[in-house]
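Counting starts at 1 for both ligands and their atoms, in listed order. Values reported hereafter were calculated over all heavy atoms of this structure, with side chains retained and with hydrogens, waters and symmetry mates removed.
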Amino acid sequence: MGNTIFSKIINREIPAKIIYETDNILAFYDINAQAPTHVLIIPKVEIPTILDFNKNKHSELLVEMFEAAIEIARKEKIDRTGFRLVINCNSEGGQEVYHLHMHILGGRQMNWPPG
Ligand code: 5GP
């Protein structure tokens with residue numbers, strides 16, 4: 001099942017540097033890092049975009065993604081200095097992979113507004 005590169009990472013068909021995994025969540029370093037820490041947190045179940053979020057089906061999953069972000073921030077020692085969580089949605093949001101994911105970026109000063 002699954003059509004994106006992230007399904008292949010979940011199924012171990014292509015390699016990724018995994019930092020965190022539970023039954024429902026996987027997190028791995030972004031292949032094109034935009035900051036000293038750049039990790040992608042994904043649900044194992046395929047949800048194309050945040051617009052496909054379903055309160056009945058996915059609420060606990062979203063909580064787990066935030067729990068993963070906190071744990072990764074601590075592991076990467078960016079919790080005290082700070083970090084950014086990003087979910088891109090559709091083309092103007094800059095989404096390239098249509099499997100819901102949250103970016104966690106840190107280890108440098110983030111700017112606002114983002115590009
Ligand atoms: P989006 O633009 O959809 O929010 O983010 C997709 C992210 O996935 C990009 O930051 C891109 O660098 C990352 N990415 C794309 N293909 C791969 C891959 O095969 N492995 C890893 N680790 N990251 C990938």
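Sorted by first and then second residue, the side chain to side chain donor-acceptor pair (under 3.5 Å) pairs with a member in residues 105-115 form an empty list; sequence neighbours excluded.
For a heavy-atom separation below 4.0 Å, the residues in contact with ligand 1 are Ile5, Phe6, Ile9, Ile14, Phe28, Tyr29, Asp30, Ile31, Asn32, Leu40, Asn88, Gly94, Gln95, Glu96, Val97, His101, His103.
Between the side chains of Tyr20 and Glu67, no donor-acceptor pair of N or O atoms lies under 3.5 Å.
A salt bridge links Arg12 with Glu21: the closest approach of a Lys/Arg side-chain nitrogen to an acidic carboxylate oxygen falls below 4.0 angstrom.
Hydrophobic cluster membership for Val86: Leu105, Met110 (Ile, Leu, Val, Met, Phe, Trp, Tyr linked by side-chain heavy atoms under 4.5 Å, directly or transitively).
In this structure, Gln95 contributes its side chain and Val97 its backbone to a donor-acceptor pair below 3.5 Å.
The salt bridge (charged side-chain N to carboxylate O under 4.0 Å, His left out) test applied to Glu71 returns no partner, not counting sequence neighbours.
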